[in-house]
Amino acid sequence: LGACSQKESTPQRPNIIFIMSDDHAYQAISAYDDKLIQTPNIDWIAEEGMIFTNACVSNSICAPSRATILTGKHTHIHGKIDNNFPFDTTNVTFPQLLHDAGYQTAMFGKLHFGNNPKGFDEFKILPGQGDYYNPDFITNNGDTTIQGYVTDVITDLAIDWMDNRRKEDKPFLMMYLHKAP
C-alpha cells in the first residue's frame with residue numbers, strides 16, 4: 001500500500017547567488033553577445049540560472065542602481081539619487097525579506113551606500129568606491145584591511161563563506177559584488 005500512496009513534499013526554496021560587477025557592459029558577457037569576448041563560465045551560470053533579456057536601467061550611477069535592485073523601487077522613490085548621500089535605511093530590501101523568511105544572507109564587495117546593509121547575517125563591504133589593492137572593508141564586527149587585489153579578495157571572501165560558514169540546512173542568499181568589471 002505504501003507504494004501506491006503519493007508522497008507529499010515541500011518545495012525546496014532556491015539558493016540565490018547574486019553576482020554584480022561594476023561598470024560591466026552586456027557586450028562583455030558572451031551569454032548576451034559573443035562578438036567581443038568569450039565568457040564560458042558566466043555563460044554556464046546563465047544557462048543553469050537566469051539571464052535578463054529584457055531589462056533597462058533607470059539610473060546608471062552605481063549606488064542608486066544597487067538601491068533599485070535591493071528595493072525594487074525607482075531612485076526617486078527609494079531616495080538614493082547619487083553616490084554621495086547615504087541610503088535611506090527605512091526602505092525594505094529583498095535581502096531583509098529573505099532573511100525574515102529563514103534565509104541565511106551574506107554580502108561581499110562593493111555597495112557604496114554610505115551605511116551598512118540591512119538584512120544580512122554577514123557582510124564585508126568596501127567603504128565608498130574602495131581600493132584596488134589591500135582594500136579596507138566594513139564588517140559586522142568592525143573595520144578590517146585585507147591584503148591583496150580587490151577582485152581576488154572579494155572572491156576569496158565569497159568562497160570562504162560558501163565553504164565554511166554557510167548553513168547546509170538553510171536556503172541562502174549571497175550577494176557577490178565586484179568593484180572591477
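Keep in mind that what you see is a predicted model, and the values were worked out from it rather than measured. The first residue of the sequence shown is numbered 1, and numbering continues consecutively from there. No hydrogens, no waters, no symmetry mates; every other heavy atom, side chains included, goes into these values.
Linking ILVMFWY side-chain heavy atoms closer than 4.5 Å, directly or via other members, places M162 and F108 in a single hydrophobic cluster. Tracing side-chain contacts under 4.5 Å through hydrophobic residues (I, L, V, M, F, W, Y), one reaches F52 starting from I29; they form part of the same cluster.
The distance from atom CZ of F172 to atom CG of N15, rounded to the nearest 0.5 Å, is 4.0 Å. Put simply, CG on L111 and CZ on F87 are 8.5 Å apart, with the number rounded to the nearest 0.5 Å. Expressed to the nearest 0.5 Å, how far CE of M174 lies from CZ of F120 amounts to 11.0 Å. For the atom pair H112 NE2 and D82 CG, the distance stands at 9.0 Å (nearest 0.5 Å). The CD1 atom of I77 sits 12.0 Å away from the CG atom of D88 when rounded to the nearest 0.5 Å. Here the CG-CG distance, from L98 to D100, works out to 9.0 Å after rounding to the nearest 0.5 Å.
The two residues P181 and S21 make their nearest non-hydrogen contact at CA-CB, 4.0 Å. Nearest heavy atom pair, residue P86 against residue G114, reads CB-O, 4.2 Å.
Between the D33 side chain and the Y26 main chain, no donor and acceptor come within less than 3.5 Å of each other. Judged by distance alone, with hydrogens and angles left aside, the side-chain atoms of N59 form no donor-acceptor pair with the main-chain N or O of T75 at under 3.5 Å. Side chain of K110 to main chain of I125: no donor-acceptor pair is present (N/O by atom type, distance under 3.5 Å, no hydrogens or angles).
Every residue two or more places apart in sequence or in another chain was checked for a salt bridge (charged side-chain N to carboxylate O under 4.0 Å, His left out) with D23, and none qualifies. S65 pairs by the side chain to side chain donor-acceptor pair (under 3.5 Å) definition with nothing, not counting sequence neighbours. Annotation: side chain to side chain donor-acceptor pair (under 3.5 Å) contacts of T71 (sequence neighbours excluded): none. Under the ring-ring contact (aromatic ring centres under 6.0 Å, His included) criterion, F123 pairs with no residue at all, not counting sequence neighbours. In this structure Y176 satisfies the ring-ring contact (aromatic ring centres under 6.0 Å, His included) test together with H178, sequence neighbours excluded. Annotation: side chain to side chain donor-acceptor pair (under 3.5 Å) contacts of N164 (sequence neighbours excluded): D160. With sequence neighbours excluded, the residues forming a salt bridge (charged side-chain N to carboxylate O under 4.0 Å, His left out) with K124 are E122, listed by chain and number. For the side chain to side chain contact (heavy atoms under 4.5 Å, CB included) test, residues two or more places apart in sequence or in another chain that qualify with D143 are I138. Residues meeting the ring-ring contact (aromatic ring centres under 6.0 Å, His included) test with Y149, sequence neighbours left out: Y133.
Counting heavy atoms from C-beta on, the side chains of F137 and V153 come closer than 4.5 Å. Contact of the K179 side chain with the D131 side chain is not registered, since no non-hydrogen atoms from C-beta on lie closer than 4.5 Å. The side-chain heavy atoms of W161 and Q104, taken from C-beta on, include a pair separated by under 4.5 Å. The closest side-chain heavy-atom distance from P14 to Y103 is below 4.5 Å. In this structure, I69 and M20 have side chains that are in contact, with non-hydrogen atoms separated by less than 4.5 Å. Side chains of L97 and L173 form no contact here, defined as non-hydrogen atoms less than 4.5 Å apart. By the 4.5 Å heavy-atom criterion applied to side chains, K118 and P95 are not counted as neighbours. Side chains of I154 and L126 form a contact here, defined as non-hydrogen atoms less than 4.5 Å apart.
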Verdict with supporting geometry, H99 and D121, side chain to side chain contact (heavy atoms under 4.5 Å, CB included) = CA-CA 8 Å; H99 186 269; D121 297 306; 2.7 Å; yes
Output, in order, the C-alpha distance, side-chain angles, deciding distance and verdict of side chain to side chain contact (heavy atoms under 4.5 Å, CB included) for H76 and I81.
-> CA-CA 7 Å; H76 69 284; I81 59 170; 5.8 Å; no
Would you sort out whether M175 and L70 count as a side chain to side chain contact (heavy atoms under 4.5 Å, CB included), showing the intermediate values?
-> CA-CA 10 Å; M175 298 194 75; L70 289 172; 3.7 Å; yes
Where do F113 and T89 land on the side chain to side chain contact (heavy atoms under 4.5 Å, CB included) test, with the steps shown first?
-> CA-CA 10 Å; F113 268 16; T89 57; over 6 Å; no
Identify every side-chain donor-acceptor pair in residues 37-45 under 3.5 Å, counting partners at least two apart or on other chains, and give the distances.
residue: Q38; atom: NE2; partner: D34; partner atom: O; Å: 3.1
residue: T39; atom: OG1; partner: S30; partner atom: N; Å: 2.9
residue: T39; atom: OG1; partner: S30; partner atom: OG; Å: 3.0
residue: T39; atom: OG1; partner: D43; partner atom: OD1; Å: 3.1
residue: D43; atom: OD1; partner: S30; partner atom: OG; Å: 3.1
residue: D43; atom: OD1; partner: A31; partner atom: N; Å: 2.7
residue: D43; atom: OD2; partner: S30; partner atom: OG; Å: 2.4

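Within the structure, no pair that satisfies the salt bridge (Lys or Arg N to Asp or Glu O under 4.0 Å) test touches residues 44-60, not counting sequence neighbours. Judged as a salt bridge (Lys or Arg N to Asp or Glu O under 4.0 Å), the pairs with a partner in residues 55-79 (not counting sequence neighbours) are, in order, D22-R66.
Tested against H78, the residues T93, T90, T68, N91 include a single side-chain hydrogen bond (donor to acceptor under 3.5 Å, both in side chains) partner, T68.
Residue N54 qualifies as open at atom CG: its count of foreign heavy atoms under 6.0 Å is 12 or below.
A donor-acceptor pair shorter than 3.5 Å can be found between the side chains of D136 and T145.
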